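Everything numeric in this text was worked out from a predicted model, so none of it was measured.
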There are 4 protein chains.
Amino acid sequence: MTRIENSHSRHPMKSPPQPRKTPRQARSQQMVEVILEATARVLGERGYAGTNTNVVAERAGVSVGSVYQYFPNKDSLITALHERHATQMYAAIDEVLAASRARSLRGRVQAMVRALLAAHAVCPELHRVLEKEFPFFDAPREESAADHDIFRRVRQLLDEHRPELTPRNLDLATWVVLQIMETLVHAAVIEPPAQFAPAALEASIVDALMGYLCGPSPSGRQVESHA
Amino acid sequence: MTRIENSHSRHPMKSPPQPRKTPRQARSQQMVEVILEATARVLGERGYAGTNTNVVAERAGVSVGSVYQYFPNKDSLITALHERHATQMYAAIDEVLAASRARSLRGRVQAMVRALLAAHAVCPELHRVLEKEFPFFDAPREESAADHDIFRRVRQLLDEHRPELTPRNLDLATWVVLQIMETLVHAAVIEPPAQFAPAALEASIVDALMGYLCGPSPSGRQVESHA
Amino acid sequence: MTRIENSHSRHPMKSPPQPRKTPRQARSQQMVEVILEATARVLGERGYAGTNTNVVAERAGVSVGSVYQYFPNKDSLITALHERHATQMYAAIDEVLAASRARSLRGRVQAMVRALLAAHAVCPELHRVLEKEFPFFDAPREESAADHDIFRRVRQLLDEHRPELTPRNLDLATWVVLQIMETLVHAAVIEPPAQFAPAALEASIVDALMGYLCGPSPSGRQVESHA
Amino acid sequence: MTRIENSHSRHPMKSPPQPRKTPRQARSQQMVEVILEATARVLGERGYAGTNTNVVAERAGVSVGSVYQYFPNKDSLITALHERHATQMYAAIDEVLAASRARSLRGRVQAMVRALLAAHAVCPELHRVLEKEFPFFDAPREESAADHDIFRRVRQLLDEHRPELTPRNLDLATWVVLQIMETLVHAAVIEPPAQFAPAALEASIVDALMGYLCGPSPSGRQVESHA
DNA sequence: GATGAATGAGATTTCATTCAT
DNA sequence: GATGAATGAAATCTCATTCAT
């Protein structure tokens, strides 16, 4: 996890059972963190096109060489950032859902939306870039571990409330829920139409999700459509 | 003089004594069209990072100079493409909504979703890039005329069906509807989870929209929530 | 003179003895004038590096093609401008020297300096570029007819006052006088050290010229130097 | 860190335990020097218009990137070259004036002129371009530190010989002297009218300067003239 | 003759990546 | 491991010139 792609880590057997945190590991970890933080800032401020490894290194107070010590190339920086973000979001979602096990579906959905809004409010610029300009270039796509975790966790939530739900296909429903939640949260934070109050936006997101999950069922269930 | 604007000139030289005028206009118009078409193809095949003015020019069978005769810089190509896309989508939405005036809200929403899915199915690669990698850098954001047209048109649809709707704030509702529709249509076309049938995806999109628009919505009114 | 390098002028025998000024010739002449005027303005405002034929054409309210109708290439524009300037300066010098035939050498020199200062005061920016950035690139140099005229005229002035002069070699003296006069006039007009009054600058130029022409003679005459 | 400044590092690694420091500095310094030298050669051979960063880099045996590592853009190369030239001229002037303190004004002026002629004789082509084609575009003008040094040094010379001088305003006189000396030296080296012997040219320059400085000057005082 | 759209060689500049120290 | 100077392929953009209308 410290090194992103190709790892060279070889401990020069000094002290046998390192006391606190293995100095080397720790420094590496910290370096990665610093670089990622700088990437986030630069990306947030200048967009993908305006981001380059030299600037990132400078911002991180580190040499370009060091960036390449931990990241094989420029795109891996962004991939790592995305992964980190997804991991954080997963943590937030998991925590909130675990803590609200006793509440209603609406209550839990709302808690989740609120947590995500809060998490994204920190540096909206970055998330805008991260979500909208995520490099499709050559990236294998869709193999983010954290993304899968999120999927599983939300899918589990739906499972726990299956009786209340209109949609029958829970995989599909999870996918729809995640798409809606993600867009609306980002849109609410990033391009918040000035005239809408934050609370109104949050409520709308919850309404949209609940409307889909528990709405009337004229079609949705049967896979066939009626043109 | 014909820079960047794109109007679909259709003067199939019927009447012989044509008012002698458009020859210049037409040439320019056509050049813009050719360049934009090439940009679309290249963008679809190589992504934003892989697209450059030389390739676009080559693809268009035109010299780089000509590209710069009509577009001040690389980004303006993409902006123009985005605008063209929005214009086309507006046309599609407007047509379908006008033609379905007699139908139910669900029927009209479904028609709209179907039209958009069809329009995006043409070259999904391009739309993937266009919607996801759209470069914001420093763009003024949100000043697309066609985007506003779309907003107005959908807002009008909601107006026409106001009695059936749960949301009270129609501006907010229009915004939510557009966000949901856009993401789901794109996601359905671009990263269609293999296991879901197209018809099921379409139905889900309609369900999501209708769920939001006509759902029970116990929160919709009161802006405050019960955390 | 109408066309700078390669002339195509062929009168399509319409009216035999054209009444006033031969319309064609006149139009050409005027075109050349307009283009040269535009070149002067652009050159003055943007310097040599910032000047290009397209801008010149636009400024002249003429098409690029027309520029190339009268000037074989970009540099010829500047050469022509230089020649025009030299011609004007020759005219000014000649007039003033002819009119002051009765006066003292100092009087005539002063009249000449004053005339040149006045002529250059019109658009100093242009002259700065014209004199300082004159394209040496490939220009044959030193074959300006007007420059030779000026040389001859000043040489004649010195001839007329030979008895009063310290320098023996009048060709050399003419060369020195022209160099000094040119630099100081330009410097006075272009980079006038704010603290010096125009009149003081004029006086200094005259003093410098007269000092050289009528100064003491410890060396100047004998070509050998005493290191 | 070593960008553009040029100081003539002469640490011929004598002492072994060198304070370990300059290695980097020295490399940079040397690179700047190499690039500037190449620029000078190219400029001298091909003129401003014919000079481009690729050629400069190639000539310097360095990559274009390296040129841009030390110079922000093409023009800065020329500006730096100009500055270097001015610095060298200042050094030459200062040395000669210091060494001739005991001599007469004429002797010192002559020494100065001779030194400048010698300095410019090295590569006249370069100086031609440097002085005549120096790009002003938008340059702040007149802010060369070395130019100011030269002014001060010559002004001091005049101060030291004040009693012998005709001009009263020594700032103005310094300005005039520098203008005359500069033009004539350049002209003598660059466009030396074939018929004039170098010695005659040198003598004429000295005569011109001395004529101005010690001439009779019936006007010098009264600013108003008698047109 | 006049026009100006089109051309494309070439100039400027950037930036991911390497590698000697 | 860390550094950052050096690299140079490649991208963006300019502009003198041509030529069909």
Would you say F/dT12 has OP1 or OP2 under 4.0 Å from some side-chain N or O of B/Thr53? yes

Under a 3.5 Å cut-off for both distances, is F/dA20 Watson-Crick or wobble paired, and to whom? E/dT3

Over how many whole Å does the gap from D/Asp75 atom CG to E/dA11 atom P extend? 15 Å

Please report, rounded to the nearest Å, how far the P atom of F/dA11 is from the CG atom of B/Leu77. 15 Å

Check every atom of E/dA16, F/dA11, F/dA5 against the side chain of A/Asn52 and return the nucleotide holding the closest atom. E/dA16

Out of E/dT17, F/dA6, F/dT17, whichever nucleotide has its closest atom nearest the side chain of A/Lys74: E/dT17

Kindly indicate, with the supporting measurements, whether the criterion side-chain contact (heavy atoms from CB on, under 4.5 Å) is fulfilled by A/Leu81 and A/Leu77. CA-CA 6 Å; A/Leu81 207 50; A/Leu77 280 173; over 6 Å; no

Where the side chain of A/Ser63 meets the backbone of A/Ser66, is there a donor-acceptor pair that is under 3.5 Å apart? yes

Presence of A/Tyr68 side-chain N/O under 4.0 Å of F/dG4 phosphate oxygens OP1/OP2: no

First of A/Gly61 and D/Gly65 reached from the 5' end of DNA chain F, by closest nucleotide: A/Gly61

Tell me, with the steps shown, if C/Phe71 and C/Thr79 meet side-chain contact (heavy atoms from CB on, under 4.5 Å). CA-CA 10 Å; C/Phe71 299 89; C/Thr79 303; over 6 Å; no

Please state how far atom CE in D/Met31 lies from atom P in F/dG4, giving the value in whole angstrom units. 18 Å

D/Glu58 CD to F/dA9 P: how many Å, rounded? 12 Å

Looking at E/dA11, F/dA6, F/dA2, which one has an atom nearest to any side-chain atom of A/Ser66? F/dA2

Checking F/dT18, E/dA16, F/dT7 against the side chain of D/Gln69 (C-beta onward), the nearest is F/dT7

Indicate whether OP1 or OP2 belonging to E/dT7 is found under 4.0 Å from a side-chain N or O atom of B/Ser63. yes

What is the distance, rounded to the nearest whole Å, between atom CD1 of C/Ile78 and atom C1' of F/dA16? 12 Å

In whole angstrom, give the distance that lies between atom CZ of A/Phe71 and atom P of F/dA2. 12 Å

DNA chain E: D/Thr51 or C/Val64, which has the more 5' nearest nucleotide? C/Val64

Nucleotide nearest C/Val62 when distance is taken to its side chain, options E/dT3, F/dA9, F/dT17: E/dT3

Does the side-chain contact (heavy atoms from CB on, under 4.5 Å) test come out yes or no for C/Asp75 and C/Tyr48, once each step is laid out? CA-CA 10 Å; C/Asp75 286 350; C/Tyr48 181 79; 2.8 Å; yes

To the nearest Å, give me how far apart OH (C/Tyr70) and P (F/dT17) are. 18 Å

Check: F/dA16 base within 3.5 Å donor-acceptor of C/Asn54 side chain: yes

Please tell me which of B/Val67 and D/Asn73 maps to the more 5' nucleotide of DNA chain E, matching each residue to the nucleotide holding its nearest heavy atom. B/Val67

So with a 6.0 Å cut-off around CD of C/Glu58, is the heavy-atom count from everything else above 12? no

